[in-house]
Amino acid sequence: MSRHYLMCRPTYFAVDYAINPWMDPSAPVDADLAIAQWTTLVDTYRSLGHTVEFIDPVPGLPDMVFAANGATVVDGTVLGVSFTHAERAAEGPAYLDWFARAGFRTQEPKATNEGEGDMLLTAGHLLAGTGFRTDIAAHLEAQELFGVPVITLQLVDPRFYHLDTALTVLHRDPADPRPAVAYLPEAFSEGSRKVLERLFPNAIHADIADATVLGLNAASDGRHVVMPVQAAGLAEKLASNGYQPVPVDMSELLKAGGGPKCCTLEVRR
Ligand code: ARG
């Protein structure tokens with residue numbers, strides 16, 4: 001149940017450009033509050049018994065705090081990322097370099113992919129989002145590299161531009177009868193909804209109110225679900241399905257379109 005995470009302090013966090021509908025460069029951002037909220041997230045993970053490692057923030061990369069976009073890591077193998085937007089391009093090599101130095105087997109990306117923002121591991125599959133950021137060609141790349149069957153999911157709402165804003169993985173134990181995922185059905189194409197229903201017939205369905213506070217941008221260890229405090233309805237649904245919601249306030253990071261999961265990259269050795 002104890003997890004290993006990589007995170008990046010929001011030292012240079014700002015909303016200087018707009019690459020998703022949440023970002024408004026003319027709205028004020030409290031940089032100190034962003035750091036305080038992120039620090040609370042780190043402390044929360046540690047109090048739950050998780051290991052947190054850090055990558056050095058790079059000046060001029062205000063979105064580097066969103067570590068989930070830095071890589072996809074499965075069994076010690078790392079697929080690097082290649083961003084859709086030029087503003088974030090330099091983050092890719094920085095994260096891949098961290099993993100190379102830490103002794104992981106790394107692979108440079110060929111197609112555009114934004115890491116765990118769009119690739120989420122379940123017990124049997126790698127769920128892979130496309131539509132706004134990650135190119136479908138990267139799904140095949142990930143499948144070949146990891147040898148895990150990839151399920152392509154089509155995202156259709158620009159507010160939920162990364163898979164981890166529309167769906168959260170709650171556990172990865174094939175023997176666990178509780179719902180393994182929670183998601184917002186409307187964020188997916190009709191066909192992808194059917195795929196999700198087929199794979200996860202007892203999934204938790206979030207509603208739009210919970211999704212629009214990025215309630216689905218949550219990090220679960222199989223028992224505790226660290227999630228935005230604003231998503232009260234989803235927290236109730238999780239609790240009634242045997243999970244323990246652990247609320248955190250990430251209001252400043254939300255101004256860039258990110259929540260707790262976006263700030264967290266799972267390192268699977
Ligand atoms: N401003 C960032 C972007 O639009 C936010 C990334 C959020 N990360 C995530 N894993 N959803 O790219």
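Numbering of ligands and ligand atoms starts at 1, following listing order. Only this structure's heavy atoms are used, side chains among them; waters, hydrogens and symmetry mates stay out. Every value quoted in this text rests on a predicted model; they were computed, and no experiment measured them.
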Need the list: ligand 1 N/O atoms against protein N/O atoms, distance under 3.5 Å, rounded to one decimal.
from, atom 1, to, atom 2, distance (Å)
ligand 1, 1 (N), D63, OD1, 3.1
ligand 1, 1 (N), D63, OD2, 2.9
ligand 1, 1 (N), A256, O, 2.9
ligand 1, 4 (O), N20, ND2, 2.7
ligand 1, 4 (O), R133, NH2, 2.9
ligand 1, 8 (N), N69, OD1, 2.9
ligand 1, 10 (N), N69, ND2, 3.4
ligand 1, 10 (N), D164, OD1, 3.3
ligand 1, 10 (N), D164, OD2, 2.7
ligand 1, 11 (N), H162, ND1, 2.8
ligand 1, 11 (N), D164, OD1, 2.8
ligand 1, 12 (O), R88, NH1, 2.6
ligand 1, 12 (O), R133, NH1, 2.9

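- Taking a cutoff of 4.0 Å between a charged side-chain nitrogen and a carboxylate oxygen, E116 and R133 do not qualify as a salt bridge.
- The hydrophobic cluster of I136 has no other members, since no ILVMFWY side-chain heavy atom comes under 4.5 Å of it.
- Checked against side chain to side chain donor-acceptor pair (under 3.5 Å), T106 has no partners two or more places apart in sequence or in another chain.
- Residue pairs meeting the ring pair (Phe, Tyr, Trp, His ring centres under 6.0 Å) criterion with at least one member in residues 194-233, sequence neighbours excluded, are Y183-H205.
- Stacking of R9 on the aromatic ring of F54 is not recorded, the 6.0 Å distance cut-off and the 45° axial limit not both being met.
- Ring orientation note: the planes of Y45 and H50 are tilted relative to one another, at an angle of 30° to 60°.
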